[in-house]
Amino acid sequence: MNICHRVVRGCVLAGALLANVVAQSETESTQAEVARTQRSLQQNRTEVDRLLDLRMRHDLGLATDPGDKTFRSPAPVSTDAMERMHQELRDEDAATATMLERFNKLKTAAEQLKAEVDERTRREAEEQPFVTVPSAGTAPSRTSTSPPAPAGASTTENIASPPAPGGETAGAAGALDPVAVNATLDPLRAQIHGSTDHQRVAQSLFKAGQALMDRAVTARNQGQDAIGKELDDRGKEQLRRALDELSSLLQGKQPPYDALFYQGRSLELLFRHAERHENLSPAAQPRDYQRREQEVREPFLRIAARDVRKSGARGETEVLGAWGMAAQSAMEHFRWMNLHASYDATKTIRALTWPGADDR
């Protein structure tokens, strides 16, 4: 019996504890719900107060919240003022319509003029004859309609040809391209629309002059001094034209590096031409020689003076950039060529003898 009483008492105590736990949980949930309801009520009251304040300010004609974009007149609007503003609006609408009509007329006229220009350009292109330009390194066609050579001009056929520069393909073995030698040109038959990019035109002219002078060196090595002189003169003309194209780019305070570099290289090739054909040397023309040397160095010196950057932990060391290093190398090459280009050890080597050479 005692055991049964103890079991019953344990069950009663467990039930009481469980009821207390459930009651406490329900109380906490109720309190949380009441807190949420109170916060919502407070927010609603705040919103109601704000709306009432806006309504009162609107009725009194006071400023509302900054987000309101409604236009309001600074003074009371009367009937006359309203009519005047309506009239101004109508006048502005009429002016806008007039300007829009003028714009449409001008746009139509511009499109018509553009169409006429395009049609005229197309018609002129069809009327102009085609200009056939032979590819580099190929011999001209025997059916060419070029004018006859002037009296006293030397023929250029059956002359040994130097190798073509820049990877060009030689036309025929042992035959010099007459187009590369004969400077006589056909009469003008058509206009060529050129480029306005002075840098690119100057670069093309420089490469053409350099290639002609390279071919002149090869011609002289083959004993064709007259052809070498003519090629050198044509290369000089191309280099002069390249300098003329660069003149507009070199007028600024800080010309582009590539324009200065091409100027220096063109002046260097013209310097070599003067050495070969104008008797330019330190012994014969010392003043002109020094002046021309300084002209060649001047563009490279300008590049080296500008293309300098700071180096080191504190930036105290100045080093040359890529363009500055290239300019310095060009000046060093020019100096070395002026000092040692005339060195030729061929005669000294051929004069060497050794015991028993005569016996052979």
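Because the structure is a prediction, the values reported are computed rather than measured.
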Could you check whether any side-chain heavy atom of [X] comes within less than 4.5 Å of a side-chain heavy atom of [Y], counting everything from C-beta outward?
| X | Y | answer |
| --- | --- | --- |
| L270 | R292 | yes |
| N44 | T46 | no |
| R265 | Q210 | yes |

Heavy-atom donor-acceptor pair, S40 side chain to T37 backbone, under 3.5 Å: no
R309/E318 under salt bridge (charged side-chain N to carboxylate O under 4.0 Å, His left out): CA gap, chis, key distance, verdict: CA-CA 6 Å; R309 56 186 179 85; E318 293 185 350; over 6 Å; no
Is [Y] reachable from [X] through a run of I, L, V, M, F, W or Y residues, each pair having side-chain heavy atoms under 4.5 Å apart?
| X | Y | answer |
| --- | --- | --- |
| F334 | L243 | yes |
| L267 | Y262 | yes |
| F206 | V217 | no |

Decide, yes or no, whether a salt bridge links [X] with [Y] under the criterion of side-chain N to carboxylate O below 4.0 Å.
| X | Y | answer |
| --- | --- | --- |
| E295 | R291 | yes |
| E111 | K114 | no |
| K236 | E278 | yes |

Verdict with supporting geometry, Q43 and E47, side chain to side chain contact (heavy atoms under 4.5 Å, CB included): CA-CA 6 Å; Q43 293 176 356; E47 182 66 18; over 6 Å; no
Write down the atom of [X], the atom of [Y], and the distance for their closest heavy-atom approach.
| X | Y | answer |
| --- | --- | --- |
| I227 | A219 | CG2-CB, 4.3 Å |
| G252 | R302 | O-NH2, 4.3 Å |
| A327 | A304 | CB-N, 4.4 Å |
| P282 | P286 | O-CB, 3.3 Å |
| M213 | G235 | CE-C, 4.1 Å |
| L280 | F271 | CD2-CE1, 3.7 Å |

Candidates E83, R90, R84 - the one meeting side-chain hydrogen bond (donor to acceptor under 3.5 Å, both in side chains) with Q87: R90
Nearest-0.5 Å distance that lies between atom [atom1] in [X] and atom [atom2] in [Y]:
| X | Y | atom1 | atom2 | answer |
| --- | --- | --- | --- | --- |
| L100 | K107 | CG | NZ | 10.0 Å |
| L246 | Q251 | CG | CD | 11.5 Å |
| L249 | E245 | CG | CD | 8.5 Å |
| L260 | D307 | CG | CG | 11.0 Å |
| M331 | L301 | CE | CG | 4.5 Å |
| H333 | R335 | NE2 | CZ | 11.5 Å |

R220 and its salt bridge (Lys or Arg N to Asp or Glu O under 4.0 Å) partner, picked from D214, D225, D232: D232
Verdict with reasoning, L320 to V308, per side chain to side chain contact (heavy atoms under 4.5 Å, CB included): CA-CA 5 Å; L320 292 174; V308 179; 4.1 Å; yes
Check: D233/H277 side-chain N/O donor and acceptor closer than 3.5 Å: no
Residue pair R123, R120: steps toward the side chain to side chain contact (heavy atoms under 4.5 Å, CB included) verdict: CA-CA 5 Å; R123 189 165 55 251; R120 186 183 304 172; 4.1 Å; yes
Crowding at [atom1], [X] (>12 non-hydrogen neighbours, <6.0 Å):
| X | atom1 | result |
| --- | --- | --- |
| M82 | CE | no |
| Q199 | CD | yes |
| E119 | CD | yes |

Salt bridge (charged side-chain N to carboxylate O under 4.0 Å, His left out) between R241 and E237, intermediate numbers included: CA-CA 6 Å; R241 292 175 60 190; E237 181 183 357; 5.1 Å; no
E293/N338 under side-chain hydrogen bond (donor to acceptor under 3.5 Å, both in side chains): CA gap, chis, key distance, verdict: CA-CA 9 Å; E293 273 190 328; N338 291 342; 2.9 Å; yes
Working for side chain to side chain contact (heavy atoms under 4.5 Å, CB included), residues D118 and R122: CA-CA 6 Å; D118 294 340; R122 184 190 63 80; over 6 Å; no
R36 vs E33, salt bridge (charged side-chain N to carboxylate O under 4.0 Å, His left out): CA-CA, chis, key distance, verdict: CA-CA 5 Å; R36 286 195 297 270; E33 184 66 24; 2.4 Å; yes
F300: which of W323, F261, Y257 passes ring pair (Phe, Tyr, Trp, His ring centres under 6.0 Å): F261
